[in-house]
Student: 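Here it is, the structure in full.
These values consider heavy atoms only, across backbone and side chains, with no hydrogens, waters or symmetry-generated copies. Keep in mind that what you see is a predicted model, and the values were worked out from it rather than measured. Note that ligands are numbered from 1 as they come in the structure, with each ligand's atoms numbered from 1 the same way.
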Amino acid sequence: MSHTIRVTVWNENRHERNPNHPARRVYPEGMHTAIANYLASLPGIETRTATLDEPEHGLTEDVLAATDVLTWWGHVAHAEVQDVVVDRVQARVLNGMGLICLHSAHFSKIFRRLMGTTCNLKWRDVGEKERLWVMEHGHPIVEGLGEYFELPQEEMYGEPFDIPAPDTLVFVSWFQGGEVFRSGCCYTRGQGRIFYFCPGHETYPTYYDQNVLRVIGNAVRWAAPVAEPTRVFGNSKPLEPL
Ligand code: ZN
């Protein structure tokens, strides 16, 4: 099956609009614009963006119905995301929409809802080096990468990371200060595929890094819905005479 993958890139977009925040210099048009511009350059992908301060956070029923994969970045305003929108996104994931949760989206309402755990972790922001090791060679999300890649400056996220064991652990990160972290985690919930990807603190140019962007693009293709027969539940007639 070959059809265009429709991606909605969602961003809280608060740091970037604050004139006193360093994120504004790194992403003057917002992180969502950097990510969406890259994805739109790939064949077979069309993008739109949505942000927290739009009506219904830009995630109306119509937008979600026309979204194959949703990417999510949030940090300071997780609590402002309306529960009715979280319910709606969760329902779409269970119905087959892919979801890619980036960096501090580990604490988003939608990720915690889908994981069922606190999703807490260790953190430290001093701009240390991160080395992301590929754990699952041959996985579609690591296509085009080497054994590892590095980011010269990132926020440290470290274990323990209070998540359910991933269905597939795609990356483990090492940080210069010594911690390690499960930085690329695949899950399935209902018919939906979910990928958590660690890099992307708002003060570093991570969403211009070619390896990071490649992973996000690969993850979009991996998370896109797959055609499958309608799932039939409930009382069932036997296929053979009983
Ligand atoms: Zn951060």
Student: So, applying side chain to side chain contact (heavy atoms under 4.5 Å, CB included) with P199, which one of V215, L151, I216, L102 is it?
Tutor: L151
Student: Are any N, O or S atoms from H103 nearer to the Zn ion (ligand 1) than 2.8 Å?
Tutor: yes
Student: Please say which of H201, R14, H15, E12 ends up in a side chain to side chain donor-acceptor pair (under 3.5 Å) with H75.
Tutor: H15
Student: Quick one: report the N, O or S atom of E155 that is nearest to the Zn ion (ligand 1).
Tutor: OE1
Student: Which atom, among the N/O/S set of H201, is closest to the Zn ion (ligand 1)?
Tutor: ND1
Student: Can you spot which of F181, F175, F197 makes a ring-ring contact (aromatic ring centres under 6.0 Å, His included) with Y157?
Tutor: F181
Student: Is the distance between the ring centroids of F161 and Y196 less than 6.0 Å?
Tutor: yes
